[in-house]
Amino acid sequence: MNMKKKGSSKKRILKKVRPSDPRDKSLRDHVLYLLRDGGAHVTFDAAMGDWPVQLAGVKVANFPHTAWMLLEHLRLCQWDILEFSRNPKHVSPAWPEGYWPASEAPQDEKAWTASMAAFKKDLRAMERLVGDPNIDLYARIRWGDGQTILREALLLADHNAYHLGQLVMLRKSIGI
């Protein structure tokens, strides 16, 4: 792809980064780091690990969400981003209702633990996509409208970091 700077007669050629290029491995490693623990970001296990299911539906003053609501929102959004990234037949849920649970609390402990397990499973699947040197992180997703795996992975990391931060604040407000 050629790009011409405005007011310049010189052309700058943007080179595609190949999987054998050390920059490709470095980028993948950085994105994986961001997805897994991200340095400045809290990990999923640190935010959720020992959250008592009895407190999953607790609301605190001036905070609109419960831990269950945030967990399910994280899970649903992550699932949607992952499936969009790998499945051309995927249909995203309706916005915004399809991205939030219908209830403020899980039905039972089984629902709580299943949601956490599904979140972890889908995160590992996105990590595998990013870590696969046969997947071009810069290539447009054929069924998208300009998205790339790199963009989707960064979107996922950003979204997860934001809501995990909310869970940390909720956790502190509840006193756990």
Give a yes or no on whether Val91 and Tyr99 share a hydrophobic cluster (residues Ile, Leu, Val, Met, Phe, Trp, Tyr; joining criterion: side-chain heavy atoms under 4.5 Å apart).
no
Please determine, by modelled atom types, if Glu72 and Ser115 share a side-chain donor-acceptor pair under 3.5 angstrom.
yes
Taking C-beta and beyond as the side chain, do Val31 and Leu137 meet within less than 4.5 Å on heavy atoms?
no
So that I can tick it off, tell me whether Asp24 and Arg28 are bridged by a salt bridge, with the cut-off set at under 4.0 angstrom between side-chain N and carboxylate O.
yes
Taking 4.0 angstrom as the limit, do Asp45 and Lys120 come out as a salt bridge?
yes
Worked check of side chain to side chain contact (heavy atoms under 4.5 Å, CB included) between Trp100 and Leu76
CA-CA 7 Å; Trp100 290 95; Leu76 292 165; 5.8 Å; no
If every non-hydrogen atom of Leu34 is compared with every non-hydrogen atom of Ala157, which pair is closest and at what distance?
CG-CB, 3.7 Å
Quick one: CG on Leu167 to CG on Asn160, what's the gap to the nearest 0.5 Å?
10.5 Å
Compare every heavy atom of Thr43 with every heavy atom of Leu164, then report the nearest pair and how far apart it is.
CD1-C, 4.2 Å
Neighbour count >12 (heavy atoms, 6.0 Å) for atom OH, Tyr162
no
Going through the checks in order, is the side chain to side chain contact (heavy atoms under 4.5 Å, CB included) test met by Trp112 and Leu71?
CA-CA 9 Å; Trp112 177 249; Leu71 172 60; 3.6 Å; yes
For Ser92 and Asp80, work out which heavy atoms get closest and say how close.
OG-OD1, 2.7 Å
Report yes or no: do Met169 and Leu74 belong to one cluster of Ile/Leu/Val/Met/Phe/Trp/Tyr joined by side chain heavy-atom distances under 4.5 Å?
no
Any chance you could measure His65, atom NE2, to His163, atom NE2, to the nearest 0.5 Å?
7.0 Å
Looking at CD1 of Ile141 and CD1 of Ile149, how far apart are the two atoms once the value is rounded to the nearest 0.5 Å?
4.0 Å
Side-chain donor/acceptor of Trp68 to backbone N/O of Gln107, under 3.5 Å
no
Tell me, with the steps shown, if Trp79 and His90 meet ring pair (Phe, Tyr, Trp, His ring centres under 6.0 Å).
CA-CA 10 Å; Trp79 166 82; His90 173 68; 4.9 Å; yes
Residue pair Phe44 / Asp37, side-chain heavy-atom distance below 4.5 Å
no
Can you tell me how far apart CD (Gln147) and CG (Leu155) are? Round to the nearest 0.5 Å.
9.5 Å
Apply side chain to side chain contact (heavy atoms under 4.5 Å, CB included) to Met48 and Phe119, showing your working.
CA-CA 11 Å; Met48 295 299 300; Phe119 177 90; over 6 Å; no
Val53 to Glu109 - nearest heavy-atom pair and separation
CG2-CA, 3.8 Å
Tell me whether Tyr33 shares a hydrophobic cluster with Met126, the cluster being built from Ile, Leu, Val, Met, Phe, Trp, Tyr side chains joined at under 4.5 Å.
no
What's the verdict on side chain to side chain contact (heavy atoms under 4.5 Å, CB included) for Val58 and Thr66, showing C-alpha distance, side-chain angles and the deciding distance?
CA-CA 6 Å; Val58 171; Thr66 67; over 6 Å; no
Separation between CE (Met69) and CD (Glu104), nearest 0.5 Å, reads 5.5 Å
Mark yes or no for whether Thr148, through its side chain, and Arg140, through its backbone, hold a donor-acceptor pair below 3.5 Å.
no
So how far is it from Glu127 CD to Arg36 CZ, rounded to the nearest 0.5 Å?
4.5 Å
Kindly give the heavy-atom pair with the smallest separation between Trp51 and Arg171, and that separation in Å.
CE3-NH1, 3.5 Å
Taking all atoms of both residues into account, what is the closest heavy-atom pair of Ala67 and Leu170, and its distance?
N-CD2, 3.3 Å
